Engineer: 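I have a structure I would like to understand better, so I am pasting it below and will then ask my questions one at a time.
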Amino acid sequence: MTDDVGVVEIFLLMLFSALFSFGGGSGQIPLIQGRWVETGKLPPELFSFSLAITYLAPGPRAGFLAGVGYYLAGLPGAGAAMLGILVPTVLGAGAVNAALGRMQRILRRLKPSSGFVIAGLIAAAAWGTARPLDLLPVEMLAVAAVAVAVAWRDVEPLKLVLAALSLGLLWSLVAG
Amino acid sequence: MTGFRRHLGVFGTFLKVGATTFGGMWAATDKLERDLVDRTGWLPKEELRASFVLATLIPAPRFLGLGGLVGFRVGGWLGSFLGALGLILPASLLVLAGAVLVGPELLAGPLEPMTRAVSIAIVGILFGNAYRQVRGEKGSRRHRQIGTALSVAIFASVVLGVPLVVSAVVGFVVGALLLRPEPKEGDR
């Protein structure tokens, strides 16, 4: 933990990072790197650790911000980071909702194609997750097996994640 | 339903979603439809689907934006806050527990295969979910063929580097032009 960063600074940086999150991205990552990692206030291994652990956690990946806030300023820092990300979310939701009320006719026109558009976006998200992993052929087979289990066998995704977690743990123990 | 119960319901529903879904919003579309459309009846199906895309217009991570947006529809400003909070709370607590209890050298070193195995499962879940989404669409054979081609085109455009929001908007415009609501039996 560092004494150089206060909770107000954490809150304001998270708030500011919202400007870089239009489109649904994680605009916080480059800002945290520039402001705290590159200046030595947050050790890079702790930053990476916070990011890595969200892959094992459920829900939105933005949960890593709690870890960043904690490493910088303890539990108040974690709270400030969470509040900093929630405020623009709520304000943005209010603004989009106001527009949604005037969009009912457009929504009706979009209805026949919405499922297909969503399917394309889900597949794109899968690609975006897979690309940095540089999957080996056997891992691609594992991806295909999981996809088949979800698509045709209707297996609950949570069970698959828990199975992967167990297999990964076993793999860790064998490799270690 | 009273305001208090409504807000409690929003928080509880999103807390459950946040605690049981892995792989982000797109991996959870089926579950979200079950919880937010079928079980609670908070939104019509098409509105939830529009919200998946509209969430990208909110200056926040997409999944969080969805929680805020649906929460707002159900319970106003407080509902929006509670929806987003419930969604992010489980992940935040788990990360905090990890930060307090586990050393970073463990996850990046000996436990690295575990992280990789989970990531592989998430990729598979996302592809499987995309297929289920297409398969679940109703309509004539021609309607489904055009729709499937639209899904493939959107996927290909993102793979080729087109920003997600642009692909989604163009996809919706093309879809609205090519796919019209099919008349029901009684309309003929």
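Throughout, protein chains are lettered first and strands after them, A, B, ... in sequence-line order, and every chain is numbered starting at 1. Small disclaimer: the values here were computed from a predicted structure and weren't measured.
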Engineer: Examine whether an atom of A:Leu133 lies under 4.5 Å from a heavy atom of chain B, and if so say whether it belongs to the side chain, the backbone or both; otherwise answer neither.
Structural biologist: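 The answer is both parts of A:Leu133.
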Engineer: Sort B:Val118 into side chain, backbone, both or neither according to what part of it lies under 4.5 angstrom from a heavy atom of chain A.
Structural biologist: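 The answer is both parts of B:Val118.
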Engineer: With respect to chain A, which residue among B:Gly147, B:Ala117, B:Gly171, B:Ala121 yields the maximal number of heavy-atom pairs within a distance under 4.5 Å?
Structural biologist: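 Of B:Gly147, B:Ala117, B:Gly171, B:Ala121, B:Gly147 has the most heavy-atom pairs under 4.5 Å with chain A.
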Engineer: Which atoms of B:Thr29 are under 4.5 Å from chain A, going by heavy atoms: the side chain, the backbone, both sets, or neither?
Structural biologist: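 For B:Thr29, the side chain is the part near chain A, not the backbone.
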Engineer: For a 4.5 angstrom cut-off between non-hydrogen side-chain atoms, does B:Leu32 reach B:Val70?
Structural biologist: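 No - every pair of side-chain heavy atoms lies 4.5 Å or more apart.
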Engineer: Tell me, out of A:Gly120, A:Gly168, A:Ala144, A:Pro58, who's got the most heavy-atom pairs with chain B below 4.5 Å.
Structural biologist: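 Most heavy-atom pairs under 4.5 Å with chain B: A:Pro58.
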Engineer: Determine the option with the most heavy-atom pairs under 4.5 angstrom with chain B, choosing from A:Pro88, A:Ala130, A:Gly94.
Structural biologist: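 Highest number of pairs under 4.5 Å: A:Gly94.
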Engineer: What residue, out of A:Ala163, A:Gly92, A:Ser166, A:Ala93, has the most heavy-atom pairs lying under 4.5 Å from chain B?
Structural biologist: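 Of the options given, most contacts go to A:Ala93.
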Engineer: If you tally heavy-atom pairs under 4.5 Å against chain A, which of B:Val158, B:Leu85, B:Ile125 wins?
Structural biologist: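 Among the listed options, the one with the most contacts to chain A is B:Ile125.
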Engineer: Using non-hydrogen atoms and a 4.5 Å limit, figure out which bit of A:Leu83 sits close to chain B: side chain, backbone, both or neither.
Structural biologist: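 Interface part for A:Leu83: side chain.
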Engineer: Take a 6.0 Å sphere around CH2 of B:Trp77 and say whether it holds more than 12 heavy atoms from other residues, nucleotides or ligands.
Structural biologist: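 Atom CH2 in B:Trp77 is packed in, count exceeds 12.
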Engineer: Flag the one option from A:Thr89, A:Leu167, A:Val117 with the top tally of heavy-atom pairs under 4.5 Å to chain B.
Structural biologist: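 So the answer, after comparing A:Thr89, A:Leu167, A:Val117, is A:Val117.
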Engineer: Would you mind checking which part of B:Leu96 comes under 4.5 Å of any heavy atom in chain A, side chain (CB onward), backbone (N, CA, C, O), both or neither?
Structural biologist: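 For B:Leu96, the side chain is the part near chain A, not the backbone.
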Engineer: Which pair of heavy atoms, one from B:Gly128 and one from A:Val150, lies closest together, and at what distance?
Structural biologist: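 Scanning both residues, the minimum pair turns out to be C-CG1, 3.8 Å.
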Engineer: I'd like to check B:Met25 versus B:Phe52 (side-chain heavy atoms, cut-off strictly below 4.5 Å). Are they in contact?
Structural biologist: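 They are in side-chain contact.
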Engineer: So which residue, B:Ser92, B:Gly68, B:Ser167, ends up with the most heavy-atom pairs under 4.5 Å with chain A?
Structural biologist: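 If we count pairs closer than 4.5 Å to chain A, B:Ser92 comes out on top.
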Engineer: Within a radius of less than 6.0 Å around CZ of A:Arg131, do more than 12 heavy atoms belonging to other residues, nucleotides or ligands occur?
Structural biologist: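 Incorrect, the count does not exceed 12.
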Engineer: Can you name the closest pair of heavy atoms from B:Phe22 and B:Ala27 and give their distance?
Structural biologist: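 So the minimum-distance heavy-atom pair works out to O-CB, 3.3 Å.
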Engineer: Answer with side chain, backbone, both or neither: which region of A:Leu91 has an atom nearer than 4.5 Å to a non-hydrogen atom of chain B?
Structural biologist: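 Backbone plus side chain of A:Leu91, per the 4.5 Å heavy-atom cut-off to chain B.
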Engineer: At what distance, to the nearest 0.5 angstrom, does CG of A:Leu121 lie from CZ of B:Arg49?
Structural biologist: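 Reported value, rounded in 0.5 Å steps: 12.0 Å.
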Engineer: Side chain, backbone, both or neither: which part of A:Leu135 has an atom under 4.5 Å from a heavy atom of chain B?
Structural biologist: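 For A:Leu135, heavy atoms of backbone and side chain both lie under 4.5 Å from chain B.
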Engineer: Hey, which of A:Gly115, A:Gly67, A:Ala66, A:Ala145 has the most heavy atom pairs under 4.5 Å with chain B?
Structural biologist: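 Looking at each option in turn, the highest pair count goes to A:Gly115.
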Engineer: Among B:Val123, B:Ile122, B:Asn129, exactly one meets side-chain contact (heavy atoms from CB on, under 4.5 Å) together with B:Leu126. Which residue is that?
Structural biologist: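 Result for side-chain contact (heavy atoms from CB on, under 4.5 Å) with B:Leu126: B:Ile122.
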Engineer: For the interface with chain B, which of A:Leu169, A:Leu160, A:Val87, A:Ile118 has the highest count of heavy-atom pairs at distances below 4.5 Å?
Structural biologist: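 So the answer, after comparing A:Leu169, A:Leu160, A:Val87, A:Ile118, is A:Ile118.
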Engineer: How long is the straight-line distance from CD1 of B:Ile88 back to CG of A:Leu65, given to the nearest 0.5 Å?
Structural biologist: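 Separation between the atoms: 6.5 Å.
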Engineer: Of the backbone (N, CA, C, O) and the side chain (C-beta and beyond), which part of B:Leu94 lies under 4.5 Å from a heavy atom of chain A, both, or neither?
Structural biologist: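 Its backbone and side chain both get close to chain A.
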Engineer: Which residue out of B:Ala130, B:Gly175, B:Gly83 racks up the most heavy-atom pairs below 4.5 Å with chain A?
Structural biologist: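 Result: the option with the highest number of such pairs is B:Ala130.
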Engineer: When rounded to the nearest 0.5 angstrom, what is the spacing between CZ in B:Phe14 and OG1 in B:Thr21?
Structural biologist: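 Output value for this atom pair is 10.5 Å.
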Engineer: Between B:Arg39 and B:Asp35 (salt bridge meaning N to carboxylate O under 4.0 Å), is one present in this structure?
Structural biologist: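 Salt bridge: yes.
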Engineer: For residues B:Glu47 and B:Trp42, is any side-chain donor paired with an opposing acceptor at under 3.5 Å?
Structural biologist: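 Per modelled atom types, B:Glu47 and B:Trp42 side chains form no pair under 3.5 Å.
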Engineer: Tell me, side chain or backbone of A:Ala78 under 4.5 Å from chain B's heavy atoms, or both, or neither?
Structural biologist: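 When you check distances to chain B, only side chain atoms of A:Ala78 fall under 4.5 Å.
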Engineer: Can you tell which part of B:Tyr131 gets under 4.5 Å to a heavy atom of chain A, answering side chain, backbone, both or neither?
Structural biologist: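 Just its side chain gets close to chain A.
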Engineer: Looking at B:Val174, B:Leu177, B:Val134, B:Val95, which makes the most heavy-atom pairs under 4.5 Å with chain A?
Structural biologist: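 Option with the top pair count is B:Val95.
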Engineer: Any idea which heavy atoms bring A:Ser17 and A:Met14 closest together, and the distance?
Structural biologist: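 Shortest heavy-atom separation between A:Ser17 and A:Met14 comes out as OG-O, 2.6 Å.
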Engineer: Looking at B:Leu93, B:Val53, B:Leu178, B:Val100, which makes the most heavy-atom pairs under 4.5 Å with chain A?
Structural biologist: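 Looking at each of B:Leu93, B:Val53, B:Leu178, B:Val100 in turn, B:Val100 comes out on top.
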